[in-house]
Amino acid sequence: MKLSAATLVAFAAGAIGAPADTIKKAGTPRQAPGACESPVELDASTNVWTQYTLHPNSFYRAEVEAAAAEMSGEAAEAALRVADIGTFLWADTIANIERIEPALEGVPCDHIFGLVVYDLPGRDCAAKASNGELAVGEIDRYKTEYIDVLAELITRYSNTAFALVIEPDSLPNLVTNIDQTNCQQAAAGYREGVAYAFKKLNLPNVVMYVDAGHGGWLGWNDNLRPGAEELADVYKAAGSPSQLRGFATNVAGWNQWDAEPGEFANDPDGQYNAAQNEQKYVTLFGAALATAGMPNHAIVDTGRSGNPGGRLEWGDWCNVVDAGFGPRPTSETGDSLTDAFVWVKPGGESDGTSDTSAVRYDSFCGLEDAFKPSPEAGQWNQAYFEMLIENANPPI
Ligand code: BGC
């Protein structure tokens with residue numbers, strides 16, 4: 001920050017004659033930079049986001065800074081501002097766990113580090129774009145080489161607060177895509193793996209949210225109850241972990257928070273889904289969770305929800321054209337069940353490749369409303385990132 005001449009004068013005037021401790025306090029931030037000086041204990045029966053800011057992690061910062069270097073003028077300046085917005089880091093392979101530790105350096109005491117746990121055996125069973133490294137049946141590797149390693153790391157960084165999003169799409173797939181062979185084969189491992197993650201990562205410096213898809217997925221009237229029961233069953237199987245706060249919605253999604261009547265409300269089947277925006281979804285799914293006996297507070301990924309209208313169908317999920325960055329992370333949601341808006345999907349990272357010859361090519365990434373060309377899931381897409389900035393609402 002540059003100090004204006006006026007500020008300098010005021011500062012100097014205040015300093016003269018003030019007792020030493022007053023001078024020090026005047027310039028001191030809410031918390032000194034660097035990790036907290038003692039172990040963090042999060043009370044998951046409360047909304048921790050009122051005390052913590054989602055940390056803008058250095059891994060995403062590096063991606064964004066490299067992207068900004070390819071840009072010029074105001075666009076480049078806007079790009080750099082994205083690096084200061086809190087975003088989750090994805091531990092999407094065993095090897096990529098090594099991305100976490102460098103990013104934990106210097107996390108201020110009033111920040112919370114967002115981490116996505118995402119490596120179940122037979123991952124992404126109803127699609128191809130994000131198929132993972134572990135095959136169905138490799139549950140022991142998931143436990144010992146992935147979850148145990150994360151648990152050890154988080155325990156070692158006990159002075160840092162962590163918010164975890166647990167296994168996007170996994171349990172929702174068991175509710176709506178269990179007619180598919182891949183999901184049938186993956187189901188037992190998903191349930192066992194998520195329960196294991198709940199138990200092992202139930203640490204004092206952690207608050208957990210399990211993925212619950214979005215309004216256009218488990219929000220259908222007929223899906224609410226089975227969806228909530230699926231999640232609650234796993235929660236109970238894990239011994240009702242104290243640090244599980246509820247659910248995450250719209251992860252890597254496109255739905256708007258409070259659009260009226262909602263982007264797809266006037267579709268012929270709109271009458272069968274009362275969760276036409278994410279706020280309604282949180283209310284309805286939250287109520288179903290309470291009935292099913294699971295904590296029911298939510299965080300909502302608003303990262304790419306800024307410019308609706310690109311999707312031809314509600315279920316289209318891959319690199320949607322014309323998308324824009326959306327509302328910034330905040331705990332001021334105006335909704336008692338919604339703890340915070342967060343950015344979970346790092347905007348600019350692809351949802352899946354558009355290369356039809358790739359092993360993980362999914363036809364959704366070839367649809368008319370999918371941005372092309374797009375690289376493999378998780379890889380950087382410069383043109384897409386620039387589009388997200390251009391279409392951002394609020395503007396970046
Ligand atoms: C990909 C992951 C990636 C994540 C965040 C997912 O779709 O499968 O590899 O880390 O998106 O970009």
Side-chain angles (χ1 to χ4, degrees), residues 54-64 66-67 82-83 85-100 103 113-135 142 146 150 163-170 172-173 182 186 190 193 209 211 213-214 217 248-254 299 301-305 315-320 323 325-326 329 342-355 358-367 370-371 374-385 387-388:
L54 180 59
H55 184 62
N57 72 69
S58 59
F59 182 81
Y60 187 53
R61 180 180 297 280
E63 287 184 318
V64 165
V82 174
I85 299 172
T87 303
F88 276 64
L89 181 67
W90 291 57
D92 65 337
T93 60
I94 291 164
N96 284 344
I97 291 176
E98 74 182 24
R99 290 177 178 173
I100 302 170
F113 192 91
L115 184 67
V116 181
V117 175
Y118 190 53
D119 203 24
L120 277 173
R123 193 178 71 191
D124 204 15
C125 65
K128 286 183 162 177
S130 285
N131 289 169
E133 63 185 346
L134 298 180
Y142 179 74
Y146 183 70
L150 287 178
L164 306 184
V165 166
I166 307 289
E167 294 292 355
D169 298 354
S170 60
N173 266 326
N182 284 345
Y190 279 14
Y209 298 85
D211 188 77
H214 62 87
W217 190 347
T249 85
N250 209 38
V251 167
W254 316 92
I299 53 174
D301 185 359
T302 54
R304 301 189 298 184
S305 68
D316 292 355
W317 50 264
C318 193
N319 302 315
V320 170
F325 281 117
V342 289
W343 285 18
V344 182
K345 176 76 185 183
E349 292 185 7
S350 174
D351 298 311
T353 179
S354 59
D355 174 358
V359 176
R360 298 203 302 172
Y361 172 71
D362 190 291
S363 58
F364 274 83
C365 303
L367 292 175
F371 190 99
S374 286
E376 283 283 347
Q379 298 299 302
W380 193 257
N381 188 347
Q382 180 73 16
Y384 199 85
F385 173 72
M387 180 196 73
L388 287 174

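Indexing begins at 1, ligand by ligand and atom by atom, following the structure's order.
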Interfacing atoms of ligand 1 (cut-off 4.0 Å, heavy-atom, Gly378):
3 (C), 12 (O)
Quick check on contacts: which atoms of ligand 1 are under 4.0 angstrom from a heavy atom of Tyr118?
8 (O)
Basic-acidic side-chain contact under 4.0 Å: Asp92, Arg123:
no
Donor-acceptor pair, distance only, cut-off 3.5 Å: does the side chain of Glu349 make one with the backbone of Ala377?
no
Are the side chain of Asp301 and the backbone N or O of Val251 linked by a donor-acceptor pair below 3.5 Å?
no
[atom]: the protein heavy-atom neighbour that sits closest, reported with distance to 0.1 Å:
atom	value
atom 8 (O) of ligand 1	Ser130 OG, 2.6 Å
atom 5 (C) of ligand 1	Glu349 OE1, 3.2 Å
atom 11 (O) of ligand 1	Lys345 NZ, 2.9 Å
atom 2 (C) of ligand 1	Asp92 OD2, 3.5 Å

Which of parallel (below 30°), tilted (30 to 60°) and perpendicular (above 60°) describes Phe325 and Trp343?
parallel
Relative to each other, are the rings of Trp380 and Phe385 parallel, tilted or perpendicular (30° and 60° limits)?
tilted
